[in-house]
Q: 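Pasting a structure here, questions to come.
We name chains A, B, ... by the order of the sequence lines, and we start the count at 1 in each one. Model, not experiment: these values are computed from the prediction.
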Number of protein chains: 2
Amino acid sequence: MDDVLAKPVSIANQIHQRLRDEIVHAVLKPGMALSEADIAARYKVSRQPVREAFIRLAQEDLVEIRPQRGTYVRRIAAVSVLDAHFVRDAIEVAIAREAAQKAQPADLEKLYALIACQATASTNAEFLASDEALHEGIAAMAEHLSAWRVVHQIKAQMDRVRYLSYGEVSPIDRLVQQHREIVDAIAAHQPDAAAAAVLRHTADILHQLPELARRYPEMFEG
Amino acid sequence: MDDVLAKPVSIANQIHQRLRDEIVHAVLKPGMALSEADIAARYKVSRQPVREAFIRLAQEDLVEIRPQRGTYVRRIAAVSVLDAHFVRDAIEVAIAREAAQKAQPADLEKLYALIACQATASTNAEFLASDEALHEGIAAMAEHLSAWRVVHQIKAQMDRVRYLSYGEVSPIDRLVQQHREIVDAIAAHQPDAAAAAVLRHTADILHQLPELARRYPEMFEG
DNA sequence: TTTGGTATGCTACCATACAAGTTAGCAGCA
DNA sequence: TGCTGCTAACTTGTATGGTAGCATACCAAA
């Protein structure tokens, strides 16, 4: 299954993807200063493609460009996570409802395969990758892939928090079980049940938020 | 009421805003080729800020950058409009529900003022501006402004169609009436009624779509 | 007529140089 | 000691030149 955004051709695109990953995975910590010149030197390229990568990241709200001052990895705003959650819920519930109506046996098999894959995932990155693939698969089934692209972008804010919380708060088994409930409801062509299952699933991260903000205060703003 | 994205400082930002407006208002027609050099010459600036504006537009799906080939105003894909509609519905319905719960008298006055303003609008641009202000105001009341930012971006795809259809299909009076029903439901603190009103409102454009695609085939793809 | 190679002019992409603004730090003075 | 103001070292923003890739037109050969 190809990634939803696959065009790693130009240098600017490559820099963008790498920086995006590093920010989402919290390798580049919130609040950290990023200099065009520094990144350019690190990757042995000129400032120009780095600059263009920064522009993309800024539009995704992952960095903040302060003119003539510097570019900084955005701190995680609790309100942003809440709003990201709000938007994601709205879209994914709608997607799940349509998926429940359009579900085909062949598609369902793939989803269950992904869930099985999750259950045996050994690393957080591995789990989150198949997690994303699952949600994307559901969107594909509902024939709303470009709606999923919106979620994908929004999700970056939440994923930063999820990487912080790996193994600390949310047990994998529980998430896998929630996934199973979602797909079961879809397979049974029950839109309401699917919507409810999605809500239960996405609600989890919100409960973790206050604890995480307490534990990693320097990564949050406000 | 400030616009949701107000930072027209750098040349790149100014170029971006102007081009965005011209694309959304269909001054720059779908399929038209945009050259960095041409735009730079038109606005008497260098190619660099134009290029950065193109990058922003590409991320908003308003232009398509084909490396070493050219940059083109995206044709309107019917499926994109459908998906834009899908996402917008999902978010705006959720916003309306929360607005219905959090509505304050002072906020409601502003909304009714906007509706009155719409009823007397003489140009399409004027109407759409206050239309946007109304929906943004509802989002502000629901305390989900950043969710509205997502809608704002998505909406660009639909607005291009709306500008095509001015005066031809959708009578202003009808839209204003729909707005009134939405705000009435919110004022009455009835989430379900508000959601239903929003759905009725946003459904209109979908009915216009086939007719518009028939009338302006060169602006659509597929 | 059709096919294939080539020249030309276009494009976006990248590197480099310069400009303009901000900030931190330190020297010097009250 | 504490404040003021300058300087120097950053930052991003803009301009410009050169390069590689693609498309078209043209011409020659089959």
Side-chain angles (χ1 to χ4, degrees), chain A residues 5-23 27-75 218 221, chain B residues 5-23 27-75 218 221:
Chain A
L5 37 101
K7 36 181 175 177
V9 276
S10 69
I11 296 182
N13 274 323
Q14 295 179 41
I15 303 281
H16 167 66
Q17 295 228 147
R18 300 187 69 158
L19 290 180
R20 189 183 196 280
D21 277 356
E22 291 185 353
I23 292 175
V27 175
L28 297 175
K29 302 276 193 291
M32 185 180 292
L34 298 180
S35 160
E36 291 180 1
D38 281 356
I39 307 292
R42 181 193 302 178
Y43 291 110
K44 306 271 179 53
V45 296
S46 82
R47 270 183 51 212
Q48 205 52 46
V50 176
R51 176 175 173 73
E52 300 180 357
F54 279 14
I55 292 176
R56 290 175 166 88
L57 293 172
Q59 247 182 345
E60 301 178 66
D61 255 28
L62 291 176
V63 305
E64 178 182 8
I65 300 175
R66 304 229 285 261
Q68 269 72 33
R69 275 185 230 198
T71 300
Y72 302 86
V73 180
R74 279 202 96 97
R75 292 183 194 279
E218 74 283 2
E221 82 179 1
Chain B
L5 38 101
K7 35 179 175 179
V9 276
S10 70
I11 295 182
N13 276 323
Q14 296 179 43
I15 302 284
H16 169 239
Q17 294 227 147
R18 299 187 68 159
L19 290 180
R20 189 184 197 280
D21 277 357
E22 291 185 353
I23 293 175
V27 175
L28 297 176
K29 301 278 191 290
M32 184 179 294
L34 299 180
S35 160
E36 289 181 2
D38 282 355
I39 306 293
R42 180 194 303 178
Y43 290 111
K44 306 270 177 57
V45 298
S46 81
R47 288 168 6 233
Q48 201 52 45
V50 176
R51 175 175 173 72
E52 300 182 355
F54 279 11
I55 291 175
R56 291 176 165 88
L57 294 172
Q59 241 181 351
E60 301 178 65
D61 255 28
L62 291 177
V63 305
E64 179 182 8
I65 301 176
R66 306 231 286 259
Q68 269 68 34
R69 263 181 264 195
T71 299
Y72 302 86
V73 179
R74 278 203 100 97
R75 293 183 194 277
E218 75 281 2
E221 84 179 0

Q: Has the side chain of A/Arg66 got a donor or acceptor that lies under 3.5 Å from a partner of the other kind on the base of C/dG21?
A: no
Q: In whole angstrom, give the distance that lies between atom CD of B/Glu52 and atom P of C/dA12.
A: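 Going from B/Glu52 (CD) to C/dA12 (P), I get 14 Å.
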Q: Kindly indicate whether the side chain of B/Arg20, heavy atoms from C-beta on, has any atom under 4.5 Å from the side chain of B/Leu62.
A: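 The answer is yes, as the side chains (C-beta and beyond) meet within the 4.5 Å cut-off.
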Q: Looking at the side chain of B/Val45, which of D/dA15, D/dG13, C/dA15 is the nearest nucleotide?
A: D/dA15
Q: Rounded to the nearest Å, what distance is computed from the CZ atom of residue A/Arg69 to the C1' atom of nucleotide D/dT12?
A: 12 Å
Q: May I ask you to say what A/Ala33 touches in the nucleic acid, namely base, sugar-phosphate or nothing, with a heavy-atom cut-off under 4.0 Å?
A: nothing
Q: If the cut-off is 4.0 Å, is A/Thr71 near the phosphate of D/dT11, judged by side-chain N/O to OP1 or OP2?
A: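 Answer is no, no contact under 4.0 Å.
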Q: Is there a side-chain contact between A/Ile39 and A/Phe54 in this structure, where contact means two heavy atoms from C-beta onward sitting under 4.5 Å apart?
A: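 Touching, per the 4.5 Å side-chain cut-off.
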Q: What is the nucleic acid contact for B/Ala37, judged by heavy atoms within less than 4.0 Å: base, sugar-phosphate only, or nothing?
A: nothing
Q: Which part of the nucleic acid, if any, lies within reach of A/Leu34 when heavy atoms closer than 4.0 Å are counted: base, sugar-phosphate only, or nothing?
A: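 Since only primed, P, OP1 and OP2 atoms lie under 4.0 Å of A/Leu34, the category is sugar-phosphate.
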Q: In whole Å, I'd like the distance from the CD1 atom of B/Ile39 to the C1' atom of C/dC10.
A: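 In whole Å, C/dC10 C1' and B/Ile39 CD1 are 16 Å from each other.
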Q: A/Gln48 CD to D/dA15 C1': how many Å, rounded?
A: 10 Å
Q: Side-chain N or O of A/Ser46 versus OP1/OP2 of C/dC14: is the shortest distance under 4.0 Å?
A: no
Q: Can you check whether any acceptor in the base of C/dT22 is under 3.5 Å from a donor in the side chain of A/Gln68, or vice versa?
A: no
Q: List the residues meeting side-chain contact (heavy atoms from CB on, under 4.5 Å) with A/Arg18, not counting sequence neighbours, and say none if there are none.
A: A/Tyr43
Q: Within a strict 4.5 Å, meaning less than it, do heavy atoms of the A/Tyr72 and A/Met32 side chains meet?
A: no
Q: Quiz question: going by heavy-atom distance under 3.5 Å, is there a donor-acceptor pair between the base of D/dG18 and the side chain of B/Arg47?
A: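 Result: at least one qualifying N/O pair found.
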Q: Ignoring the backbone of B/Ser35, work out which of D/dG13, C/dT11, C/dC14 is nearest its side chain.
A: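 For the B/Ser35 side chain, the nearest candidate turns out to be C/dT11.
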Q: Check the distance between C/dC10's P and B/Tyr72's OH and give it to me in whole angstrom.
A: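 Atom-to-atom, B/Tyr72 to C/dC10, this comes out as 13 Å.
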Q: What residue pairs, at least two apart or across chains, pass side chain to side chain donor-acceptor pair (under 3.5 Å) with a residue in residues 30-42 of chain A?
A: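 Sorted result for residues 30-42 of chain A: A/Glu36-A/Arg47, A/Glu36-A/Arg51.
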Q: Check the distance between D/dC22's P and B/Ile65's CD1 and give it to me in whole angstrom.
A: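 Whole-Å distance recorded here is 16 Å.
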Q: How long is the line joining NE2 of B/His16 and C1' of D/dT14, in whole Å?
A: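 For the pair B/His16 NE2 and D/dT14 C1', the rounded distance is 18 Å.
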Q: In whole angstrom, give the distance that lies between atom CD1 of A/Ile15 and atom C1' of C/dA15.
A: 14 Å
